[in-house]
Amino acid sequence: RYRFDYQATKVRAFLSDALQKRGLSVCPSAVNFLLFKSPLPASELKERLISCGILVRDCASFGLPKYVRIAVRTRDENCILLEALDTCLP
């Protein structure tokens, strides 16, 4: 049976909007992951975020060398990710 999780949808929308406000192109999603296009090669952004304690998926192995996949977490955890992105992106 399908269960609609309104809270997860709100948190995903918050994170997607916050990424877009930073000039990032975010792919539509109905799951707890977001895919966005990085201004840097995905592998470089991944390494920068690792240095901030954030793990992301570099999607180069999917044929998307500038795309990064992130998990939608709690609002507080998403804010930590956004702060790390503000530090790591040009």
Side-chain angles (χ1 to χ4, degrees):
R1 179 177 155 177
Y2 178 76
R3 181 178 163 263
F4 180 75
D5 190 338
Y6 179 71
Q7 187 64 27
T9 301
K10 283 178 44 178
V11 173
R12 183 176 56 246
F14 161 79
L15 183 55
S16 180
D17 290 345
L19 293 168
Q20 290 176 50
K21 286 178 184 171
R22 286 164 172 78
L24 301 170
S25 176
V26 181
C27 297
S29 178
V31 296
N32 67 331
F33 292 99
L34 290 175
L35 184 71
F36 69 89
K37 188 172 184 180
S38 170
L40 304 170
S43 58
E44 184 177 341
L45 180 57
K46 176 184 174 181
E47 291 305 315
R48 289 181 182 198
L49 288 170
I50 286 173
S51 72
C52 294
I54 305 289
L55 297 177
V56 299
R57 173 67 189 237
D58 165 0
C59 293
S61 64
F62 301 141
L64 302 168
K66 295 208 72 163
Y67 282 82
V68 173
R69 187 183 72 188
I70 56 173
V72 178
R73 308 288 299 238
T74 66
R75 188 176 178 101
D76 289 344
E77 290 171 318
N78 292 335
C79 288
I80 292 168
L81 166 68
L82 293 168
E83 288 173 9
L85 283 170
D86 289 342
T87 301
C88 295
L89 290 174

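- Heavy atoms only, all atoms of each residue included: Leu34 and Ser16 are closest at CD1-N, 3.7 Å.
- Val72 and Leu49 fall within a single hydrophobic cluster, where Ile, Leu, Val, Met, Phe, Trp and Tyr are joined by side-chain heavy atoms under 4.5 Å apart, directly or via other members.
- By the salt bridge (Lys or Arg N to Asp or Glu O under 4.0 Å) test, Glu44 pairs with Arg48, sequence neighbours left out.
- If you chain together hydrophobic residues whose side chains sit under 4.5 Å apart, Leu45 and Ile70 fall into the same group.
- Cluster annotation: Val26 is connected to Phe14 through the hydrophobic network of ILVMFWY side chains, with a link wherever side-chain heavy atoms come within less than 4.5 Å.
- Judged as a side-chain contact (heavy atoms from CB on, under 4.5 Å), and not counting sequence neighbours, the contacts of Lys46 are Ile50, Val56, Asp58.
- Leu24 and Leu40 end up in the same hydrophobic cluster when Ile, Leu, Val, Met, Phe, Trp and Tyr side chains are linked at under 4.5 Å.
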Show every donor-acceptor pair shorter than 3.5 Å between a side-chain atom in residues 78-90 and any protein atom, with sequence neighbours excluded, or say none if there are none.
unit_1	atom_1	unit_2	atom_2	d
Asn78	OD1	Arg73	N	3.0
Asn78	ND2	Arg73	O	3.1
Asn78	ND2	Thr74	O	3.2
Asp86	OD1	Arg22	NE	2.6
Asp86	OD2	Arg22	NH2	3.1
Thr87	OG1	Glu83	O	3.2

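- Crowding of Lys66 atom NZ: a count of heavy atoms from other residues, nucleotides or ligands under 6.0 Å exceeding 12.
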Stepwise side chain to side chain contact (heavy atoms under 4.5 Å, CB included) test for Phe33 and Arg57: CA-CA 10 Å; Phe33 292 99; Arg57 173 67 189 237; over 6 Å; no
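- Val68 and Leu64 sit in two unconnected hydrophobic clusters of ILVMFWY residues. Membership requires side-chain heavy atoms under 4.5 Å apart, directly or through other members.
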